[in-house]
Every structure is written in structure tokens, then in C-alpha cells.
There are 2 protein chains.
Amino acid sequence: MRAEDLPEVRRLPLFRDMLHANFEQLMQGSYAQLFPAGLELIRQGDPADFLHIVLEGAVELHADWGDNRCTMAVVQPVGTFILAACIKDAPYLMSARTLERSRVLLVPASDLRAIFRRDPEFAVSTINELAGAYRAVVRHAKGLKLRNSRERVAAYLLKQSRMAENADSFILGVEKRLIASYLGMTPENLSRTLRGLEGNGVTLRGQQVTITDRAALAAVAPPDRLIDGPDPGGATAGVSLPPPTRVNPAP
Amino acid sequence: MRAEDLPEVRRLPLFRDMLHANFEQLMQGSYAQLFPAGLELIRQGDPADFLHIVLEGAVELHADWGDNRCTMAVVQPVGTFILAACIKDAPYLMSARTLERSRVLLVPASDLRAIFRRDPEFAVSTINELAGAYRAVVRHAKGLKLRNSRERVAAYLLKQSRMAENADSFILGVEKRLIASYLGMTPENLSRTLRGLEGNGVTLRGQQVTITDRAALAAVAPPDRLIDGPDPGGATAGVSLPPPTRVNPAP
DNA sequence: AGACCAGATTGACATTCATCAATCAGGCAC
DNA sequence: GTGCCTGATTGATGAATGTCAATCTGGTCT
């Protein structure tokens, strides 16, 4: 892997506190790889061999059952995914595919398991990472069960707004059909719902989202820290909600 | 706490491998308490002070948003819950209430955090517990997003059947409205769906479930290890699916 | 036994949501 | 620029699910 990536990886909450020697060893067995867009990195059901870390690009985690497919999360740099499967040495519960050309660091699961057994700091980091990931999924499940699709969309927009640098005008970083799948609805339904939300404090033009009346939007779906997160105590990497969005220059 | 409970707690995957001295210390700060049925043990949003372990009875984990409420899990002996919140020292994402008279062991979160920092075995156990809990929620979310209500009900029955001692005839251990909420549907819808499933290999009389044609039921919702679990490598305690059911004597 | 009560069921109805099909719009290759 | 291709949108429709209200049922208490 490129030497210049090391500091960034080292700075991840998961690796930040471990002993240097152990970090070195972990990285020695790892390798970064460049993948084209649309490539299936892992397939659900396969044995978990590598912890994946997205260095560049974006990766979708999705699940399939019969003919149905749904997006569970989008991981962006620098985020890790499928940590739990590696730890349990169990089959992946989700598939992963690149949304764009992406560089991914692959860390052997066996090394991982060996090292947190002898590096207490790393063990604690792993515990925190997993606890954060767990809470992220619980929040996702809560959103699915407690909110209808209109409310989920409104809450999603508000959350993206919070994460954007310019909270009042940002662009959706992902295809709408992916957002729809993430929110547990069809693209058609999302499209109509978005249109229905104009007049509730949002304006849309393509990927462009402008919040004109935050209170009105919040009235559709009162934001709740216990659903929309994040934990007060810092961002949860790993399986997170769809990507932070970039600011966009005024037209 | 009662001395006779100690061995059972000690046998939990979470505590099995830790040093005896540390287990002792952990238990010294803990206390078991008997609660009546229907009592709210914890309320979502409150700070996480104690890891909870159900020794007797049954506890429902549920979430609220506005006027909506949904069941996220039912924990039965001997199972732990809200480990993640304790670890992150963050607010509970779910509320908990006793479904029946229950005895619960309360372990101070601060002790927990202190001890897994110095007991590597306990740290590893915690990691495994969390990884299992994470995967359980992911499976739950997958079920919600990939299956319609009819399929969820069929899969639920099949799963309960697998967990029962007599797989072909068992009783639902929980109120139906609770099951409905867990499955993300209304009690009315569950009732109709259950009726609709007669003729697909199931017979119902009250809480009594009899599977007459497993294949027919499985045809409604093909079981999938990646949704219905469990992990091949052993039962995941903590936040698990609704309770194992007891066998029932033939009428 | 009888009254009572929470939960379950049923029916009628409204709403949400998915599906199918037909455009529409924007980006990219040539 | 033109053609094409994917994703987005829109419309029409039906299926799935929620809601409200009215029983029904099983168990508990007295």
C-alpha cells in the first residue's frame, strides 16, 4: 500500500490507540487495492476473510433475499466495514460493491483477531467501534419501524443538512434510487415524496437540495437524537448512514 | 444477590472467560433486584448506568417516537441487554420494561468499562458479544426491508419452530400484539396474516402453533441463515429475537 | 358461577405504498 | 452536435397495510 495512506489509517478511531508495533504488523499483512466502479467486493454469505477500509471512493453495503435487494449503508473514506463478520469469523450478512472507482485497504481478519487479543488498547478500540456500529443499526431499524416513508425522507434531508458544510444548500451525494432503497421505499415513492415535501421547507432541483424553512421540515419529522444520531460523543465510523455531502457553490 | 445465581451468570459467554478475581469484583458492585410485571426498567434517552442481565422473567426492549412505539426485542434468561450504551457511556436508544415479574442483575457500567481495560479475556468476550448483537440487529433490519409482512410472519413461525423443543407443535411465548410490533405490523394485520397462513402448513389455536407442512410454510418465506440466523457458531445472547418457546404437551 | 377486563379477532374503510408503463432529463461517447 | 443509455419522473392502477369500531374470547378476581 501507499505509504501516504498510513497516517490516515492510523488516525482512524479503530487504530489510533494501538501500539505502534502492532499497527505496523497489521499493515504489513494488509494491502490496498484499486477497484473500478460497480465491482462486487464481497458477496453476502461468503466467509469473512478481510476487514475492509475505504480509502478513496464509495462503497455500498446491500442485502439480498430472493429477488429483493436493499441498501443498508454507504461507506465513504475513511470508513471501515464488516468488522463484526471478521471478528466472529462468520459469513458476511451484507454484500458490498463500489459505487465509483475506489481504493480499499484489506486487513486480514486473522491478524485482526490475533492482535486484539494481545493489545488491550486495540481491544478497547474494537469494542468502541462495534458498540458504535451496533447503535447505528439500531437507529436505522428504529427509523424504519417508527416512521413512515414521508417522515423518513424528511429526517434524511435534515440529517444530510446537518452533515453538510453549508446546511441550507447541499447536494445529495448518492443516486436517488439508492437513497430510496436505504430508506426502505421504491424510487417512485421517493420521487413523489420529495415533490410532496416542497412546500414544507425544501426546494429540489436535481441533486440540489435547498432548505428554505428548517422548522417546517422538522415539523414533518421531529429530529430525534436517538434515531438520527449521532452519538453525542463523536462520529461512529464503520457502517454509517449515507455519505456526508459536499457543499455546493451557489449557481 | 443470591449466591445461587452466580454460577449461571458466570456461565454467560460474556463472563465465562474472564479472570475469577475480576468476575468477583464485578459482581461485588452489582446487585440483583426483583421487579413486578409491567415496570419500566429503563427509559430511552436516559444515561446508561447499568448493564442489565435478566435472571428470571422476561424483558421487552422497545422504542418510542412521538406517539409510535415498537418492540425491538424480548430478552429472556439468561440474557444481557443495553451493553453498547454502557460501553459508550451514551444514552439508551431503547426503553425496557418487564413483561412479567422478573429478577434482573444490574452491573455498574463504570466497573464494566474499567475491567475490560485490564482483563484481555473479558475484552475479547465483550467484542464477541457486541459483534453478535450487531449481527442480530442487521438481520432484523434485513428482514424488515426485504420481506413483506406475510413473509416476516412465516419466517417468524419457522424460526420459533426451530428454537422450540418440539418443532412441530409449540406455543408462542409472547402476546401477539408484541409479536406484531416486533415484526413491524399492526396486531390486526398479524391476526389476518396468521389466518391467511392456515392452508400454508400451519394451524393455530390461540397461542398454540402446529406446523403441518413445513415445506409449504417455507415456500412462503424461504428461510435464510443470513436473516433468520443464528450464526452457525452459537447462540447470540444479548439483544436477541423474541423468546425461545417452551414445548407444549399434547392436548 | 358470574362479572370483568385485556387482548384477540373481525369487518368496513381509508391510506399508503408498490407496480407497471410511459415519458423525461442529463451525461457521455462518438 | 447527435444518439444513446441510465436514472428520474409522472400517471394510472391495484395490492398491502393501517385505522377505527365492534365483537369475541380466555383468563382472573371475587
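Here is how names work: the chains are called A, B, and so on, in the same order as the sequence lines, proteins then strands, and each is numbered from 1. Every heavy atom of this structure was used, including side-chain atoms; hydrogens, water molecules and symmetry mates were not.
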Would you mind reporting whether V74(B) and Y182(B) have side-chain heavy atoms less than 4.5 Å apart?
no
Over all strands shown, is G184(B) touching base, sugar-phosphate only, or nothing at heavy-atom distances under 4.0 angstrom?
sugar-phosphate
Rounded to whole Å, how long is the line connecting atom CE of M185(A) with atom P of dT15(C)?
19 Å
Rounded to whole Å, CG of N148(B) lies from P of dT16(C) at a distance of 20 Å
Rounded to whole angstroms, how far apart are CG on L183(B) and P on dG18(D)?
11 Å
Gap between atoms CG and P, on L197(A) and dT16(C) respectively (whole Å)
13 Å
Contacts of T193(A) and R177(B) projected onto DNA chain C by closest heavy atom; the upstream (5') one is R177(B)
N/O (side chain, S149(A)) to phosphate O (OP1/OP2, dC17(C)) under 4.0 Å:
yes
Between D5(A) and R103(A), is the closest basic N to carboxylate O distance under 4.0 Å?
yes
Please report, rounded to the nearest Å, how far the P atom of dG18(D) is from the CZ atom of R69(B).
18 Å
State whether N189(B) places a side-chain N or O below 4.0 Å from either non-bridging phosphate oxygen (OP1 or OP2) of dG18(D).
yes
Using the side-chain heavy atoms of K176(B), tell me which of these nucleotides is nearest: dT17(D), dT9(C), dT19(C).
dT9(C)
Options dT19(C), dG18(D), dT10(C), nucleotide nearest the side-chain atoms of E188(A)
dT19(C)
Salt bridge R162(B)-D228(B), side-chain N to carboxylate O under 4.0 Å
no
Are any non-hydrogen side-chain atoms of Q44(A) and D64(A) less than 4.5 angstrom apart?
yes
Which of the following nucleotides, dT10(C), dG18(D), dT10(D), is nearest to the side chain of S191(A)?
dT10(D)
If the threshold is 4.0 Å, N to carboxylate O, is there a salt bridge linking E40(B) and R97(B)?
no
Closest-nucleotide 5' rank along DNA chain C - winner of T186(A) and L178(B)
L178(B)
Nearest-Å distance, CG (L190(B)) to P (dT9(C))?
7 Å
Nearest-Å distance for atom pair CD1/P, residues I179(B) and dG7(C):
14 Å
Report yes or no: is there a donor-acceptor pair, N or O only, under 3.5 Å between the side chain of R150(A) and the base of dT15(C)?
no
Closest approach to the side chain of E175(A), judged atom by atom: which nucleotide of dA21(D), dC20(C), dA8(D) is it?
dA8(D)
In whole Å, what is the span from the NZ atom of K145(A) to the C1' atom of dG18(D)?
16 Å
Return the polar atom pairs (N/O with N/O) between nucleotides 26-30 of chain D and the protein under 3.5 Å, or none.
none

Check: dT19(D) base within 3.5 Å donor-acceptor of R192(B) side chain
yes
Can you check whether R147(A) reaches D224(A) side chain to side chain, under 4.5 Å on heavy atoms?
yes
More than 12 heavy atoms of other residues, nucleotides or ligands under 6.0 Å from CZ of R101(B): is that the case?
no
Name of the residue among L41(B), I53(B), L34(B) meeting side chain to side chain contact (heavy atoms under 4.5 Å, CB included) with V104(B):
L41(B)
Classify the nucleic acid contact of R195(B) as base, sugar-phosphate or nothing, counting any heavy atom under 4.0 Å across all strands shown.
sugar-phosphate
